[in-house]
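Sequence lines set the chain letters: A, B, ... in the order given, protein chains first and strands last, and positions in each chain run from 1.
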Amino acid sequence: MPEGPSIVLLKEELQSFIGKRVTTATGSSQKVDFKKIRGNKIVDIKSWGKHLLICFPDFTLKIHLLMFGTYRINERKDAVPRLSLKFSKNSGLNFYSCAVSTLLRPLDEIYDWSADVMNKKWNAKAALQKLKKHPDLLACDALLNQEIFSGVGNIIKNEVLFRIKVHPESLLGQLPEPKRKELIKEAVAYSYQFLKWKREFTLKKHWLAHTKKKCPRDHIPLQKEYLGKTNRQTFFCNISEALPVRNSCYTGMRTSYVTMSEYTFF
DNA sequence: TGGAATGTTGGAAC
DNA sequence: CGTTCCAACATTCC
C-alpha cells in the first residue's frame with residue numbers, strides 16, 4: 001500500500017477531519033496512551049514521506065502503514081484496528097496493521113521537511129549535498145534512504161533507476177554530477193507521476209520495470225536481483241554479456257561488472 | 001497454496 | 001560503544 005504518494009493521498013482524504021474532536025480513542029497498539037487522545041481536537045494532518053501525522057495541540061500521532069497497513073474512513077473492516085478514532089456524528093478513522101507512536105516534541109525539531117520528495121519544502125540542492133556525503137552508497141540504497149529521499153519506496157526506486165538508465169549498484173561517488181542531478185530530479189518527478197496514476201487507479205499498468213519480466217524498451221529479459229543493504233527486489237535491464245566492456249572509468253571493487261546497453265554502471 | 005512483498009524496528013552479535 | 005545483521009511483524013496476492 002504505502003510509498004510516499006499513497007500517504008499524500010491519505011493525508012488529502014483526512015483534511016476534513018481537521019478541527020474534529022476525538023470522542024473515543026481505542027485500538028490494539030501497545031505504544032499509545034489512548035486516554036490521552038480522547039477529548040483532543042485535531043489541529044492538522046501532515047505527512048513526512050511514509051509517515052502520516054495527526055496533530056493535536058500538545059502531541060502528534062505518527063502512523064506508519066509499513067508494508068501491509070490499511071485504513072478505513074467512516075467505516076471499519078473485519079479486523080481489530082491498531083488505532084481507532086471516533087468523532088461525533090458517526091465519523092471515525094480506523095488504522096490496521098500499522099505502527100503507531102506518539103511524538104511529543106515539535107515536528108520541526110523531528111523532521112527535515114526538505115528531505116520529503118513530495119513536500120513543498122523539498123530541497124534538491126540539499127539532496128545533492130547529501131549524495132556527495134555518501135560516495136560509497138549504492139544508487140539503489142540511496143533512493144531508499146529516507147533521510148535523503150523520504151517517501152521513496154521500492155517501486156519508485158526501480159522505476160527511477162530504469163528511467164534514468166543507471167545500474168542499481170552504481171556508486172554515488174562514481175556517478176557524474178549531471179547523473180546525480182538526474183537521479184534527484186527523477187525521484188521527485190516519478191513520485192508525482194506515481195501520485196497521478198494512483199489517483200486514476202492505473203499505477204500498476206504504468207510500471208516499466210517493477211515486477212516486469214521483460215524490458216519494455218527492447219524486450220529482452222529484465223534482471224531481478226536482491227540488491228543493496230536492504231536486499232530488496234531490484235528489476236533492471238542488463239544485457240552486459242552481449243556487449244563490450246565500456247566502463248573503463250570504473251576502478252572500484254567490482255571491476256568485473258560491465259556496462260550494459262540500457263543502463264550504465266558508474 | 002506457500003511464498004513473497006509497496007517497510008521498519010529493535011535486539012543480538014561482533 | 002558503533003555497526004551490521006536478521007528475525008519479527010502483518011495482510012494480500014498470485
Side-chain angles (χ1 to χ4, degrees), chain A residues 1-11 13 27-32 47-53 60-72 75-84 94-103 110-112 115-118 133-138 140-163 168 186-188 190-214 222-236 253:
Chain A
M1 168 94 218
E3 295 196 20
S6 301
I7 304 304
V8 169
L9 277 176
L10 170 56
K11 173 174 66 176
E13 289 186 84
S28 62
S29 171
Q30 301 291 309
K31 302 185 75 179
V32 177
S47 64
W48 181 82
K50 301 163 190 167
H51 300 198
L52 176 74
L53 303 165
T60 296
L61 288 179
K62 174 180 107 182
I63 295 162
H64 200 306
L65 296 178
L66 300 164
M67 289 266 249
F68 316 119
T70 53
Y71 62 91
R72 291 290 185 274
E75 319 178 338
R76 55 182 313 161
K77 62 178 208 172
D78 187 20
V80 178
R82 270 296 137 67
L83 172 67
S84 176
N94 293 307
F95 298 94
Y96 306 87
S97 319
C98 55
V100 185
S101 61
T102 307
L103 305 177
I110 297 173
Y111 291 111
D112 171 9
D116 179 353
V117 295
M118 306 207 67
K133 273 191 192 159
H134 301 283
D136 297 330
L137 201 56
L138 302 181
C140 59
D141 284 330
L143 280 164
L144 291 178
N145 184 321
Q146 301 298 293
E147 290 175 12
I148 306 175
F149 295 108
S150 173
V152 169
N154 206 37
I155 297 171
I156 297 175
K157 174 197 82 178
N158 282 323
E159 294 296 309
V160 165
L161 290 172
F162 184 82
R163 280 167 169 73
E186 192 60 32
V188 176
Y190 185 74
S191 292
Y192 281 99
Q193 188 64 73
F194 183 123
L195 175 63
K196 182 172 177 287
W197 284 329
K198 187 90 186 172
R199 275 206 174 98
E200 297 166 355
F201 306 101
T202 60
L203 178 65
K204 234 183 222 190
K205 190 179 91 182
H206 286 95
W207 286 344
L208 299 178
H210 192 253
T211 72
K212 294 295 173 182
K213 295 205 159 44
K214 267 191 192 168
L222 269 186
Q223 302 291 302
K224 173 185 166 182
E225 289 182 35
Y226 292 81
L227 301 181
K229 274 187 264 195
T230 50
N231 256 305
R232 303 282 244 110
Q233 269 196 131
T234 309
F235 297 84
F236 58 105
M253 286 165 62

Report task. Identify whether any heavy atom of A/Lys77 sits under 4.0 Å from a base atom; if not, whether one sits that close to sugar-phosphate; answer base, sugar-phosphate or nothing. Result -> sugar-phosphate

Query - Position toward the 5' end of DNA chain C (nearest nucleotide), A/Tyr96 or A/Lys229 - result: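 The 5'-side residue here is A/Lys229.
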
Tell me the interatomic distance from [X], atom [atom1], to [N], atom [atom2], rounded to whole angstroms.
X	N	atom1	atom2	result
A/Met67	B/dA5	CE	P	8 Å
A/Glu3	B/dA5	CD	P	14 Å
A/His64	B/dG10	NE2	C1'	15 Å
A/Leu66	B/dA4	CG	C1'	17 Å
A/Lys31	B/dT9	NZ	P	8 Å
A/Asn154	B/dT8	CG	C1'	14 Å
A/Trp197	B/dT6	CH2	P	18 Å
A/Leu10	B/dT6	CG	C1'	14 Å

Query raised in the report: Would the number of heavy atoms belonging to other residues, nucleotides or ligands and lying under 6.0 Å from NZ of A/Lys77 be above 12?
Result: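 Yes, the 6.0 Å shell around NZ holds more than 12 heavy atoms from other groups.
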
**Report entry** Pairwise P distance, C/dA10 and B/dT1 [rounded to whole Å]
**Finding:**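 These two P atoms come out 23 Å apart once rounded.
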
Query raised in the report: Heavy atoms, side chains only, cut-off 4.5 Å: are A/Ile156 and A/Phe149 in contact?
Result: no

Query raised in the report: Do the non-hydrogen side-chain atoms of A/Leu208 and A/Glu159 ever get within less than 4.5 Å of each other?
Result: yes

**Report entry** Side chain of A/Lys50 (C-beta onward), nearest among B/dA5, B/dT8, B/dG10
**Finding:** B/dT8

Requested in this report: Could you please name the option among B/dA5, B/dT9, B/dT6 that lies closest to any side-chain atom of A/Phe68?
Outcome: B/dA5

To the nearest 0.5 Å, what is the distance between [atom1] on [X] and [atom2] on [Y]?
X	Y	atom1	atom2	answer
A/Thr234	A/Tyr226	OG1	OH	9.5 Å
A/Leu65	A/Tyr71	CG	OH	8.0 Å
A/Phe95	A/Arg82	CZ	CZ	13.0 Å
A/Leu137	A/Lys229	CG	NZ	5.0 Å
A/Lys224	A/Phe235	NZ	CZ	5.0 Å
A/Leu9	A/Leu195	CG	CG	5.0 Å

Would you tell me if any nitrogen or oxygen in the side chain of [X] comes within less than 4.0 Å of OP1 or OP2 on [N]?
X	N	answer
A/Tyr226	B/dA4	no
A/Lys224	B/dA5	yes
A/Gln146	B/dG7	no

Query raised in the report: Does DNA chain B take part in any stems of at least 3 consecutive Watson-Crick or G-U pairs (both distances under 3.5 Å), and if so, which ones?
Result: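 Listed by first number, the stems are B:2-5 with C:11-14, B:7-14 with C:2-9.
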
Query raised in the report: A/Ala115 and A/Glu147: which non-hydrogen atoms are nearest, and at how many Å?
Result: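 Smallest interatomic distance, heavy atoms only, reads CB-O, 3.3 Å.
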
Requested in this report: Name the first nucleotide and the last nucleotide along DNA chain C (5' to 3') that come under 4.0 Å of a heavy atom in chain A.
Outcome: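 Endpoints of the contacted stretch of DNA chain C: C/dA10 to C/dT12.
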
